[in-house]
**Student:** 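Sending over a structure as structure tokens; questions will come in a sec.
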Amino acid sequence: MQFSESWLRSCAPDTLDDELCHLLTMAGLEVEECRTVSADFSNVVVAEVLSVEKHPIADKLKLCSVNVGESTPLQIVCGAPNVAAGMKVPCAQVGAKLPGIEIKKAKVRGVESFGMLCSARELACPRITAVCCRWPPTR
């Protein structure tokens, strides 16, 4: 039987992984394995896409205004065909570390971009197949 770590931690909130496994074993439950199901990443937040406009010189790119909870929205250049105003999406802010890359402020076809709207692939979540990951996922 599998249990989510967040559910287990609701019973023992301030324990390390090894301590949690030991507590379960001492309670008479066998812990067969403890494994991470997602890749390590940092500085990724759930953001709301406020507006989407066409990129001035690139047909397949879009300029998105994105609310990440700061005082001003971020401008992010995005290539996802399904991005739309009102979506809640994972947003990697400048300085974020994703599997294999670090997000930096960049100029994309002459327009500054201050982050990246993430797909499930970029977050190493293979079960969701959308190009730009909607939160919560829809099927």
Side-chain angles (χ1 to χ4, degrees):
M1 186 178 294
Q2 295 180 4
F3 296 99
S4 80
E5 182 180 353
S6 62
W7 182 79
L8 291 170
R9 290 209 184 275
S10 68
C11 302
D14 296 321
T15 57
L16 301 173
D17 292 348
D18 292 340
E19 293 171 338
L20 184 58
C21 290
H22 180 72
L23 285 171
L24 291 168
T25 301
M26 292 297 103
L29 302 170
E30 180 183 353
V31 177
E32 188 173 309
E33 78 176 313
C34 184
R35 61 184 160 92
T36 303
V37 294
S38 68
D40 284 338
F41 53 85
S42 65
N43 209 15
V44 177
V45 298
V46 175
E48 180 180 11
V49 179
L50 300 174
S51 66
V52 177
E53 299 173 15
K54 293 179 85 170
H55 191 285
I57 59 171
D59 292 338
K60 293 187 178 184
L61 296 177
K62 298 175 183 169
L63 301 179
C64 301
S65 177
V66 180
N67 177 4
V68 294
E70 301 293 327
S71 58
T72 59
L74 297 180
Q75 175 176 278
I76 296 178
V77 178
C78 180
N82 66 329
V83 67
M87 286 178 75
K88 295 214 176 15
V89 296
C91 177
Q93 300 179 79
V94 172
K97 291 182 174 33
L98 300 176
I101 59 171
E102 182 176 345
I103 304 303
K104 298 177 180 155
K105 181 175 119 177
K107 243 183 189 177
V108 181
R109 293 287 193 95
V111 177
E112 285 192 323
S113 184
F114 298 91
M116 181 174 77
L117 302 184
C118 300
S119 71
R121 181 181 51 83
E122 289 148 346
L123 297 175
C125 299
R127 291 187 188 153
I128 305 169
T129 58
V131 177
C132 191
C133 200
R134 179 183 296 268
W135 191 267
T138 55
R139 304 264 172 195

**Student:** If I compare all heavy atoms of M116 with all of I103, which pair ends up nearest, and what's the gap?
**Tutor:**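 What the structure gives for the nearest pair is CE-CD1, 3.8 Å.
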**Student:** What are the two closest heavy atoms between V77 and H55, and how far apart are they?
**Tutor:**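 Scanning both residues, the minimum pair turns out to be CG1-CD2, 4.0 Å.
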**Student:** Mind listing the side-chain donor-acceptor pairs of residues 60-74 below 3.5 Å, one per line with the distance, residues two or more places apart or on another chain?
**Tutor:**
from, atom 1, to, atom 2, distance (Å)
K62, NZ, P81, O, 3.1
N67, OD1, G69, N, 2.8

**Student:** Can you give me the closest heavy-atom contact between L98 and E122, atom names plus distance?
**Tutor:**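 Heavy atoms of L98 and E122 come nearest at CB-O, 4.1 Å.
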**Student:** As an exercise, state the distance from NZ of K107 to OG of S113, rounded to the nearest 0.5 Å.
**Tutor:**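 The OG atom of S113 is 12.5 Å from NZ of K107, to the nearest 0.5 Å.
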**Student:** Any chain of hydrophobic side-chain contacts (each under 4.5 Å) joining V44 to I101?
**Tutor:**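 Same hydrophobic cluster.
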**Student:** If you look at every heavy atom in G115 and V94, which pair is closest and at what distance?
**Tutor:**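 For G115 versus V94, the nearest heavy atoms are N-CG2, 4.2 Å.
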**Student:** Does the side chain to side chain contact (heavy atoms under 4.5 Å, CB included) test come out yes or no for V83 and V49, once each step is laid out?
**Tutor:** CA-CA 8 Å; V83 67; V49 179; 4.1 Å; yes
**Student:** If you compare all heavy atoms of A85 against all heavy atoms of L50, which two are closest, and at what distance to 0.1 Å?
**Tutor:**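 So the two residues come closest at CB-O, 3.6 Å.
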**Student:** Let me confirm one number: the CG-OG1 distance from L20 to T25, rounded to the nearest 0.5 Å.
**Tutor:**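 Reported value, rounded in 0.5 Å steps: 9.5 Å.
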**Student:** Please round to the nearest 0.5 Å and tell me the distance separating atom NZ of K105 and atom CD of Q75.
**Tutor:**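 Answer for the NZ-CD pair, K105 versus Q75, is 11.0 Å.
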**Student:** Could you tell me which non-hydrogen atom of R109 sits nearest to which non-hydrogen atom of I57, and how far apart they are?
**Tutor:**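 Shortest heavy-atom separation between R109 and I57 comes out as O-CD1, 3.1 Å.
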